[in-house]
K.L.:
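Dropping the structure in here first, questions after.
We count ligands from 1, going down the list as the structure has it; atoms in each ligand are counted the same way. Computed from a predicted model, the values in this text were never measured in an experiment.
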Amino acid sequence: MKPAPFEYFRPHTLDEALSLLAEHGTDAKPLAGGQSLIPAMNFRLATPAVLVDLNGLSELSYINDGPGGLTIGGMTRQRALERSAMVPQRVPLIAETMPYIAHPAIRNRGTIGGSLAHADPAAELPAVMVALDAAFTATGKAGAREIAASDFFTGLFSTGLEPGELLTEVRIPPQAEHCGVAFEEMSRRHGDFALVGVAVVVHLDDRGRCAGARIALLSVGDRPMLADGAGRSLVGQSPSAQSIRAAADAAATSDIDPPGDIHASPPYRRQLARVLTRRALERAFECARQGLGQG
Ligand SMILES: Cc1cc2nc3c(=O)[nH]c(=O)nc-3n(C[C@H](O)[C@H](O)[C@H](O)COP(=O)(O)OP(=O)(O)OC[C@H]3O[C@@H](n4cnc5c(N)ncnc54)[C@H](O)[C@@H]3O)c2cc1C
């Protein structure tokens, strides 16, 4: 199918884009990589009267390292993250996750801001950002504000962005010392959206006890779910097969209430969450322990 008719604007500065979005209000939608929006328009699931194409905004395409952490412009392509030499050094969780997102052709166009603003509960990057405790800059005509990743996703395909605001920057705080990360997912074919996935960030204190654990699951609710109880259960303990198994059980039972669909029933999703969380925690703690050995 072809999309419904729309008016098209291609601004060259952020200010121009924000003015257009403010002028056209809820009739307008920003266009980033188009990998979710254009199919939705072709199916007439989205019928914006106005498209504001962000692809001329080179100022929103960057990956920078600084004392506050890594900052990534909203229009940075997923492929740029995958190919960056800095990302595996600074945020190895992103580097590990990128190949799971769709296929190279889609990552060539798809942007980090588009994936996060789209807020698909089966997408990888939203869960990864929650696990990393990232913060997003939302910029509108009235100015910019920061939203924590864990507050940003408000429901199925919905976020804390106000009409007229753009997600302009993602900030990922520096990794704690003795940190370990892991990403695991199960999908029917490589590149498909995951049936369940999990992103884990753990860190150890100098004596090898867990000083923090953030476990974020995807495809188990209407948004990325932080398995808070499971994470808390690990803190203060020396990670062991038993404590990891107990945390994975908590993540799969009390922390989530997964939906069923034609691909997976709720009990199957819980079982996947249990197994994938256990595997991810084992790998993340192992990686943190290696860092401890070198420290
Ligand atoms: C066949 C196929 C398979 C896929 N598989 C996966 C997968 O396995 N995992 C996965 O995570 N994704 C997958 N995707 C989606 C892909 O990652 C998209 O790139 C991503 O969801 C949207 O990014 P985009 O830049 O293309 O955004 P667009 O499609 O341009 O926009 C998506 C939405 O976000 C809004 N938007 C875009 N940028 C901003 C911004 N900066 N500020 C505010 N709003 C904004 C748009 O208005 C629109 O509503 C798949 C897509 C396809 C076509």
K.L.:
Any idea which protein heavy atom is nearest atom 27 (O) of ligand 1, and the distance to it?
P.N.:
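I find the closest protein heavy atom is Gly114 CA, 3.5 Å.
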
K.L.:
Which heavy atom of Ala32 sits nearest to which heavy atom of Asn55, and what is that distance?
P.N.:
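Closest heavy-atom pair between Ala32 and Asn55: O-ND2, 2.8 Å.
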
K.L.:
Side chain, backbone, both or neither: which applies to Asp192 and ligand 1 if a contact is any heavy-atom pair less than 4.0 Å apart?
P.N.:
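Near ligand 1, Asp192 shows its backbone, while the atoms from C-beta on stay back.
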
K.L.:
Can you sort out which atoms of ligand 1 are near Leu37, meaning under 4.0 Å from one of its heavy atoms?
P.N.:
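The atoms of ligand 1 under 4.0 Å from a heavy atom of Leu37 are 28 (P), 29 (O), 31 (O).
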
K.L.:
At under 4.0 Å between heavy atoms, which part of Ile106 makes contact with ligand 1: side chain, backbone, both or neither?
P.N.:
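Looking at Ile106 and ligand 1, just side chain atoms fall under 4.0 Å.
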
K.L.:
I need the nearest protein heavy-atom contact for atom 36 (N) of ligand 1: residue, atom name and distance, please.
P.N.:
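Checking every protein heavy atom, the shortest distance to atom 36 (N) of ligand 1 gives Ala117 CB, 3.8 Å.
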
K.L.:
Report yes if Gly33 has an N/O atom closer than 3.5 Å to an N/O atom of ligand 1; otherwise report no.
P.N.:
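Right, the criterion is met.
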
K.L.:
Please work out, at 4.0 Å between heavy atoms, whether the side chain, the backbone, both, or neither of Arg107 comes within that distance of ligand 1.
P.N.:
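No part of Arg107 comes within reach of ligand 1.
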
K.L.:
So is Gly34 close enough to ligand 1, meaning a heavy atom under 4.0 angstrom away?
P.N.:
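Under 4.0 Å: yes for Gly34.
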
K.L.:
With rounding to the nearest 0.5 Å, note down the distance linking CG in Leu31 to OG1 in Thr111.
P.N.:
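So the CG of Leu31 and the OG1 of Thr111 are separated by 9.0 Å.
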
K.L.:
Does this structure show an ion pair linking Asp15 with Lys141, if we count only N-O contacts that are shorter than 4.0 Å?
P.N.:
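A salt bridge is present here (some side-chain N lies under 4.0 Å from a carboxylate O).
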
K.L.:
Using non-hydrogen atoms of the residue, decide whether Leu161 is closer than 4.0 angstrom to ligand 1.
P.N.:
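Right, Leu161 reaches ligand 1.
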
K.L.:
Mark up the atoms of ligand 1 that fall under 4.0 Å of a heavy atom belonging to Ile101, in ascending order.
P.N.:
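Atoms satisfying the 4.0 Å criterion: 9 (N), 10 (C), 11 (O), 12 (N), 17 (O).
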
K.L.:
Say whether Lys29, considering both its backbone and side-chain N or O atoms, lies within less than 3.5 Å of an N or O atom on ligand 1.
P.N.:
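Yes, since at least one N or O of Lys29 sits under 3.5 Å from an N or O of ligand 1.
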
K.L.:
Indicate yes or no: does Asp255 engage Arg232 in a salt bridge with an N to O separation below 4.0 Å.
P.N.:
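Not counted as a salt bridge, because no side-chain N and carboxylate O are separated by less than 4.0 Å.
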
K.L.:
Under 4.5 Å between any side-chain heavy atoms of Pro121 and Leu156, yes or no?
P.N.:
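Contact flag for Pro121/Leu156 side chains = yes.
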
K.L.:
Could you check which of Ser36, Pro48, Gly74 puts a non-hydrogen atom nearest to atom 22 (C) of ligand 1?
P.N.:
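Heavy atom nearest to atom 22 (C) of ligand 1 belongs to Ser36.
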
K.L.:
Would you mind checking which non-hydrogen protein atom is closest to atom 5 (N) of ligand 1, with the distance to 0.1 Å?
P.N.:
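The closest heavy atom on the protein side is Ala102 CB, 3.2 Å.
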
K.L.:
Between Leu37 and Leu51, is any pair of side-chain heavy atoms under 4.5 Å apart?
P.N.:
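In contact.
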
K.L.:
Starting from atom 40 (C) of ligand 1, which protein heavy atom do you reach first, and at what distance in Å?
P.N.:
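Looking only at protein heavy atoms, the one closest to atom 40 (C) of ligand 1 is Leu167 N, 3.8 Å.
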
K.L.:
May I ask you to identify the nearest protein heavy atom to atom 47 (O) of ligand 1, giving residue, atom name and distance to one decimal place in Å?
P.N.:
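Scanning the protein heavy atoms, the shortest distance from atom 47 (O) of ligand 1 goes to Pro30 O, 2.5 Å.
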
K.L.:
Can you tell me if Gly191 has a non-hydrogen atom under 4.0 Å from ligand 1?
P.N.:
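Yes, Gly191 has a heavy atom closer than 4.0 Å to ligand 1.
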
K.L.:
With heavy-atom distances below 4.0 Å as the criterion, list the atoms of ligand 1 near Glu124.
P.N.:
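Reading through ligand 1 atom by atom, the close ones are 7 (C), 8 (O), 9 (N), 10 (C), 11 (O).
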
K.L.:
If you have a sec, work out which protein heavy atom is nearest atom 14 (N) of ligand 1 and how many Å separate them, to one decimal?
P.N.:
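Ranked first by proximity to atom 14 (N) of ligand 1 is Phe193 CZ, 3.5 Å.
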
K.L.:
For the residue pair His103 and His190, categorise the inter-ring angle as parallel (less than 30°), tilted (30 to 60°) or perpendicular (more than 60°).
P.N.:
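Ring orientation of His103 relative to His190: perpendicular.
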
K.L.:
Side chains of Gln271 and Arg274: any donor to acceptor distance under 3.5 Å?
P.N.:
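Yes, side-chain donor-acceptor contact under 3.5 Å.
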
K.L.:
Measure the acute angle between the ring planes of Phe152 and Phe136, then classify it against the limits of 30° and 60° as parallel, tilted or perpendicular.
P.N.:
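Perpendicular, since the angle between the ring planes exceeds 60°.
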
K.L.:
Would you call Asp257-Arg270 a salt bridge at under 4.0 Å N-O?
P.N.:
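Salt bridge flag = yes for Arg270 with Asp257.
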
K.L.:
Around atom 25 (O) of ligand 1, find the nearest protein heavy atom and jot down its residue, atom name and distance.
P.N.:
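Here the closest protein heavy atom is Thr111 OG1, 2.7 Å.
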
K.L.:
Taking atom CD of Glu169 and atom CD1 of Ile112, what is their separation to the nearest 0.5 Å?
P.N.:
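Going from CD on Glu169 over to CD1 on Ile112, the span is 10.5 Å.
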
K.L.:
Output yes when Glu286 and Arg289 qualify as a salt bridge under the 4.0 Å nitrogen-oxygen rule, no when they do not.
P.N.:
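So Glu286 pairs with Arg289 through a salt bridge.
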
K.L.:
Students should be able to answer this: which protein heavy-atom is nearest to atom 38 (N) of ligand 1, and at what distance?
P.N.:
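Scanning the protein heavy atoms, the shortest distance from atom 38 (N) of ligand 1 goes to Ala32 CB, 3.4 Å.
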
K.L.:
If the cut-off is 4.0 Å to any non-hydrogen atom of Gln35, which atoms of ligand 1 fall inside it?
P.N.:
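Taking each heavy atom of Gln35 in turn, ligand 1 has 18 (C), 19 (O), 26 (O), 29 (O), 51 (C), 53 (C) under 4.0 Å.
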
K.L.:
Any Lys/Arg nitrogen of Arg279 or Glu282 sitting under 4.0 Å from an Asp/Glu carboxylate oxygen of the other?
P.N.:
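Salt bridge flag = no for Glu282 with Arg279.
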
K.L.:
Gln78 near ligand 1, heavy-atom distance under 4.0 Å?
P.N.:
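Under 4.0 Å: yes for Gln78.
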
